[in-house]
2 protein chains.
Amino acid sequence: MRVAVDAMGGDHAPRELVAGALDAARSDDDLTVVLVGHEEQIRAELSELDDDGLGERVAVVHASDVIGMDAKPVEALRAHPDASILRAMGLVRQGEADGIVAAGSTGAAVAAATMSLKRLSGVRRPGIAVPLPAQNEKGVCLLIDAGANPNCRPHHLAQYAVMGANFYREVYGIADPRVGLVSIGEEETKGIHLTKDAAQLLRADKQVHFAGNIEGRGLFGGACEVAVADGFVGNIILKSAEGLAEMLLGTFKSLMGSGDRAKALGKFDYAEFGGAPLLGVDGAVMICHGRSERRAVGNAVLACARAIDHHVNDKIVAGLGGQQREGSV
Amino acid sequence: MRVAVDAMGGDHAPRELVAGALDAARSDDDLTVVLVGHEEQIRAELSELDDDGLGERVAVVHASDVIGMDAKPVEALRAHPDASILRAMGLVRQGEADGIVAAGSTGAAVAAATMSLKRLSGVRRPGIAVPLPAQNEKGVCLLIDAGANPNCRPHHLAQYAVMGANFYREVYGIADPRVGLVSIGEEETKGIHLTKDAAQLLRADKQVHFAGNIEGRGLFGGACEVAVADGFVGNIILKSAEGLAEMLLGTFKSLMGSGDRAKALGKFDYAEFGGAPLLGVDGAVMICHGRSERRAVGNAVLACARAIDHHVNDKIVAGLGGQQREGSV
């Protein structure tokens, strides 16, 4: 497998991106990482880091430009055709890489993927699946869509269920992940037209383990492995959770010493989760938080490799085919 | 002022409701509390608690029935016309009380208020305004609507801004509360049709200090005093915040000892905030969390008294009148 890494994106580029990519290559012998960005800077980082023994499993592809974190995505991509994120996506499109890890602007990564990569067969709208901490077996609830598609229709939500469940099954290793539909109230009668109609589609899809409506307590409390929401609601949940967690952790970190207690904070640390897959495009795309450091990048590259190795996208296409047959009955 | 308290609603009724009401009456000499519910049970609580000196400032009104926490609101209210929540609302409707504090089922309280009380002049939809912890001057961001109106239109959101700002100004004592519109991205161009249209109305309303779009970081980080959202999104934010806070606090409480460190948890304690006003109905309605104990109830009764004393509802009506004139230009 070959995973392209946008080495120039994010708050700690290129150093932490390069280091994380090497870590991943060291721990997976079948993996080649392709570092995309300013060649001279990347080679300087490589020479300072220990890449002994990786040999041809570390490649560098030059790109002269970078999209800033605060740039307007579509305009910036048009103005910078040799941006590292576009070059990296190009490698995936041309089959020179199977997947990509990016930690720059999320908007730019989504826009670059949408512009560069085809949608998977049958997919109506790609969706971002963000891992949130949850009290289930794997400690993760995958929330999809977290903002790629703010204006959703019911069948978009039904597709997100299939995409999220297949990713969760293959990458987190849970045989039959439960899918919850984010709504107000757990009763079937609660919600808005969008969620009520989506619930009907989900109940009809025999391949999806539909756990019904969920609220915030269920999402974080572990009532499901995948939580489906439209991109407006999903993004607001994500940003609210980040805002609240930041506020709470700020308070507790100042109160607690380092050591064992601080370790407990680990499960609320983005680095544990690595990245968020953009599902529905032809390629394995993992988007990391801009703050990502070495460990988060390494975890994201490994998750990307796992998604490739387990043929998640083929399974999504098969799952959606089944859904369409169900729907046409 | 007379505040009716549904003494039978909530997890700790009637004891904590009665005790909280007495605390409030003790700290505000102009306040009479009317305890509504099973008279014998309430008198038994009163005889065990110290109500010396309150005299006629504590009244009891009998109601033979109670709505359970898990009952379906509308059906339950129809089946139980002598339920304490309905009797208490009836006192407000008849002018025998100026406001009400309820800690039973939120759905039942909203339904009882909607059935019993008129809407304020000009109000299209009442909204629940829930106080969330925030890093602003008062430590509170009031989120409206938290679930009364899941299918919102832009002018509903614009009205919520006026209602929330007037409540915040009068009850929390901030002269010019900032109003944020919950959306995805802070730029004007971000959001869905609903929020973009609402933003136009809010920018045109000279009485509202509109702070633009906010995300979760702004909401909890203190970028505004009032956050406006449709009832579907608002309820999801509330429940997600509860779910995440519960998960995080569970982790930290088990790690921290009691004493000073635990005190820091106070600001994430519902008891501090007391209750959530249902705004837009003719009466001061405060809804408490079902878990509320004495202190939370006492704070809610005092907030209710303050809303009455400061004529919040008159100010809302005046504010909406101004908004309509603005809108018609």
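First the proteins, then the strands, lettered A, B, ... as listed; each starts at 1.
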Looking at B:E225 and B:R178, would you say the former's side chain and the latter's main chain have a donor-acceptor pair under 3.5 Å? yes
Any donor-acceptor pair under 3.5 Å linking the side chain of A:Y160 with the backbone of A:P126? yes
Among A:V233, A:I236, A:T189, A:N151, who wins on heavy-atom pairs under 4.5 Å with chain B? A:I236
Indicate yes or no: does A:E242 engage B:R217 in a salt bridge with an N to O separation below 4.0 Å. yes
Is a salt bridge present between A:E187 and B:K72, judged by a nitrogen-to-oxygen distance below 4.0 Å? no
NZ (B:K196) with more than 12 external heavy atoms under 6.0 Å: yes
What part of [X] is in contact with chain A, defined as an atom under 4.5 angstrom from a non-hydrogen atom: side chain, backbone, both or neither?
| X | value |
| --- | --- |
| B:A134 | backbone |
| B:L219 | neither |
| B:S183 | both |

Looking at B:N235, B:L132, B:V182, B:I184, which one has more heavy-atom pairs under 4.5 Å with chain A than the rest? B:I184
